[in-house]
Amino acid sequence: MNLKEKLDLPIFETIAKVAAKRQTPVYAVGGFVRDTLLQRPIKDIDFVTLGSGIDLASDVAKELNLENSLTVFKNFGTAMIKWKKYEIEFVGARKESYRRGSRKPIVEDGTIEDDQKRRDFTINAMSISLQEENYGEVIDPFDGLKDLDEKRIKTPLAPDQTYSDDPLRMMRAIRFATQLHFGIEKESLEAISRNKERIQIISQERIADELNKILAAPNPSIGFDYLYKTGLLAIILPEIQALQGVEEIDGQSHKDNFYHTIEVVDNISENTQDLWLRWAALLHDIGKPVTKRFDDQVGWTFHGHEFIGSKMVPRVFKRLRMPLNDKMRFVQKMVMLSSRPAALTSDDTTDSAVRRLLFDAGDDIDSLMTLVEADITSKNANRVKRYRNNFKEVRGKLKAIEEKDKIRNFQPPISGDEIISTFNLRPCKEIGLIKNAIKDAILDGEIPNEYQAAREFMLRKGAELGLNQTS
């Protein structure tokens, strides 16, 4: 196969010309070849040359007057230049060998054949020649073209060797299968199961990066099902593994919360690209295994699972070296509130309950509603329709109360400083008691969210506490 017509960016001619002048063969490799054949968007382009990739990159940068954009990574023997919207990376062809306790290879100079052998999958082991005699020709020693056509993830060498050498490739296999909607070749899948314990030498940051890419795919459930079936999930996300399974007592069983969860993640992925909301969908039920109980009268219960689950979120983020900042707090908040909207579906729902949800969710109320709507996974079409209509009504209640009372992100009209000056107080518990009483009175609808009403309430509350007004 020849892809000369696909090499329409002028950067290819420039690199070919510079390489010819240097008398060093050069090839476009890896993801560029794969994504060109799949007609996927191209973000960066990798080139392999015989000899020094850094020297070739330097000469190309000079030719394009892009010396200022040249970045050299001497320890890795690579260099990168930024050209228009693309990142162009250069590396010398190499061969690799591995030690058992590390995924860092021992690297030696090699041929283009050596370089293709070290690639993770056949679909990433193809290259395109930029030599004049065969410009555009696809070099495909491992039948990557066939695997692309048959939508298959397969390793170029024996899978046990590929995965043992660099265990991160097990995660990458599952991630590519998820992103591309490919299957993983049977022997390769079995090799992942055999080598799963090797994932423990991979840094948590790299594991989290692959999990993020799986979650960002159109159907993340593909990846999480593979992680579960290969045994990797139990090692890297035991909280999700613990959701799997159905228990039955006296003829009563609960649903499989693992498959429910990954269906929720798929559902939410249809409506949001927000990675952290997708994380919230993945973790929303992690408190259920801890809180699961069987009651003779009502069957299976999971009381308080949202609270327990929210407390587990920081532990998951910390272990995976993910950000312990507002992103984590957002996920924690979504897990904590994930059952609250369902409580507002009854006809006797009070305005107070709606106000409190608006207050607690704040600007994240729309994200929360997206999550709870994704949580509908019943196979009963009538039940799904009823649940959706119920949440549509909840959205209406939230909108009406917000327009009337302006509760979302509200701050009580009376500040702590005003309470102190009004009653001539030093720091004491009464200040907090009055401030919380004002907040609760507004949320419960006892007084409107207005200054004068709040001040009058403050004076009454102060009098109840035996405080004397001084201003």
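All values below come from the heavy atoms of this structure, side chains included, with hydrogens, waters and symmetry mates left out. Residue indices begin at 1 and follow the sequence shown.
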Derivation and outcome, side-chain hydrogen bond (donor to acceptor under 3.5 Å, both in side chains), residues T377 and Y259: CA-CA 10 Å; T377 60; Y259 282 105; over 6 Å; no
Verdict with supporting geometry, W300 and D295, side-chain hydrogen bond (donor to acceptor under 3.5 Å, both in side chains): CA-CA 6 Å; W300 292 101; D295 185 293; over 6 Å; no
Working for salt bridge (charged side-chain N to carboxylate O under 4.0 Å, His left out), residues R455 and E450: CA-CA 9 Å; R455 180 168 176 80; E450 297 169 358; over 6 Å; no
Verdict with supporting geometry, R152 and K146, side-chain contact (heavy atoms from CB on, under 4.5 Å): CA-CA 9 Å; R152 177 171 53 230; K146 182 179 180 183; 4.1 Å; yes
Salt bridge (charged side-chain N to carboxylate O under 4.0 Å, His left out) evaluation trace for D209 with K213: CA-CA 6 Å; D209 184 53; K213 290 174 180 176; 3.3 Å; yes
Evaluation steps, side-chain contact (heavy atoms from CB on, under 4.5 Å), between N257 and F302: CA-CA 11 Å; N257 284 304; F302 304 91; 4.0 Å; yes
side-chain hydrogen bond (donor to acceptor under 3.5 Å, both in side chains) between E306 and S339, intermediate numbers included: CA-CA 7 Å; E306 309 90 345; S339 294; 2.5 Å; yes
Audit row: T370, N271, side-chain hydrogen bond (donor to acceptor under 3.5 Å, both in side chains) steps and yes/no: CA-CA 8 Å; T370 300; N271 296 304; over 6 Å; no
side-chain contact (heavy atoms from CB on, under 4.5 Å) evaluation trace for K461 with I438: CA-CA 9 Å; K461 189 66 181 177; I438 294 170; over 6 Å; no
Verdict with supporting geometry, F121 and R172, side-chain contact (heavy atoms from CB on, under 4.5 Å): CA-CA 9 Å; F121 309 113; R172 284 170 58 83; 4.0 Å; yes
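Other residues, nucleotides and ligands place no more than 12 heavy atoms under 6.0 Å from the CZ atom of F76. Within 6.0 Å of NZ on K435 lie no more than 12 heavy atoms contributed by other residues, nucleotides or ligands. No more than 12 heavy atoms of other residues, nucleotides or ligands shown are found within 6.0 angstrom of CZ on R388. Heavy-atom neighbours of K397 NZ from other residues, nucleotides or ligands within 6.0 Å: above the threshold of 12. The number of heavy atoms from other shown groups lying within 6.0 Å of CG (N68) does not exceed 12. Under a cut-off of 6.0 angstrom, the local environment of NZ in K292 is crowded, with over 12 non-hydrogen atoms contributed by other residues, nucleotides or ligands. Within a 6.0 Å radius of CD in Q39, no more than 12 heavy atoms belonging to other residues, nucleotides or ligands are found.
Distance NZ/K229 to CD1/I174: 11.5 Å, rounded to 0.5 Å. Taking CG of D46 as the reference point, atom CZ of F32 lies at 10.5 Å (rounded to 0.5 Å). From I442, atom CD1 reaches atom CG of N449 across 4.5 Å, with rounding to the nearest 0.5 Å.
Side-chain contact between F73 and T78 is present, with heavy atoms from C-beta onward closer than 4.5 Å. S188 has its side chain out of reach of I153: every pair of non-hydrogen atoms, C-beta onward, lies at least 4.5 Å apart. Side chains of F423 and M458 form a contact here, defined as non-hydrogen atoms less than 4.5 Å apart.
For D285 (side chain) and K288 (main-chain N/O), no donor-acceptor pair under 3.5 Å exists by modelled atom type. Judged purely by atom type and a 3.5 angstrom limit, R169 has no side-chain atom pairing as donor or acceptor with the backbone of P159. H254 contributes a side-chain N or O that, together with a main-chain N or O of E247, makes up a donor-acceptor pair within less than 3.5 Å. Put simply, the side chain of T422 never gets that close to the backbone of I419: no donor and acceptor are under 3.5 Å apart. No donor-acceptor pair closer than 3.5 Å links the side chain of T301 to the backbone N or O of H303. Although no hydrogens or angles enter the test, the distance criterion places a donor-acceptor pair under 3.5 Å between the side chain of T178 and the main chain of G223. Put simply, the side chain of D166 gets close to the backbone of L168: a donor and an acceptor are under 3.5 Å apart. Panel note: side chain N267, backbone A374; a donor-acceptor pair is recorded below 3.5 Å. Between the side chain of K333 and the backbone N or O of A361 there is at least one donor-acceptor pair closer than 3.5 Å. Side-chain N or O atoms of D256 include none that pairs as donor or acceptor with a backbone N or O of V246 at under 3.5 Å.
Using modelled atom types and a 3.5 Å distance limit, the side chains of Q200 and E197 yield a donor-acceptor pair. In this structure, a donor-acceptor pair under 3.5 Å is absent between the side chains of N124 and R119. For the residue pair E418/Y451, the side-chain donor-acceptor check at 3.5 Å is satisfied. A donor-acceptor pair shorter than 3.5 Å cannot be found between the side chains of S221 and N219. One side chain, Y228 or Q244, offers a donor N or O that lies under 3.5 Å from an acceptor on the other.
Residue P341 is tested with M369, R395, E373 for a side-chain contact (heavy atoms from CB on, under 4.5 Å); the sole match is M369.
The two residues M126 and V33 have their closest heavy-atom pair at O-CG2, 3.6 Å. Taking each heavy atom of R319 and P238 in turn, the nearest pair found is NH2-CD, 3.6 Å. Taking both residues in full, the closest heavy atoms of L70 and A61 are given as CB-CB, 4.4 Å, listed atom of the first, atom of the second, then distance. Closest approach of A281 to V264, counting heavy atoms only: CB-CG1, 4.0 Å.
Seen from the ring of F182, K151 does not count as a face-on cation partner, given the 6.0 Å and 45° thresholds.
For H284 and H260, the gap between ring centers is short of 6.0 Å.
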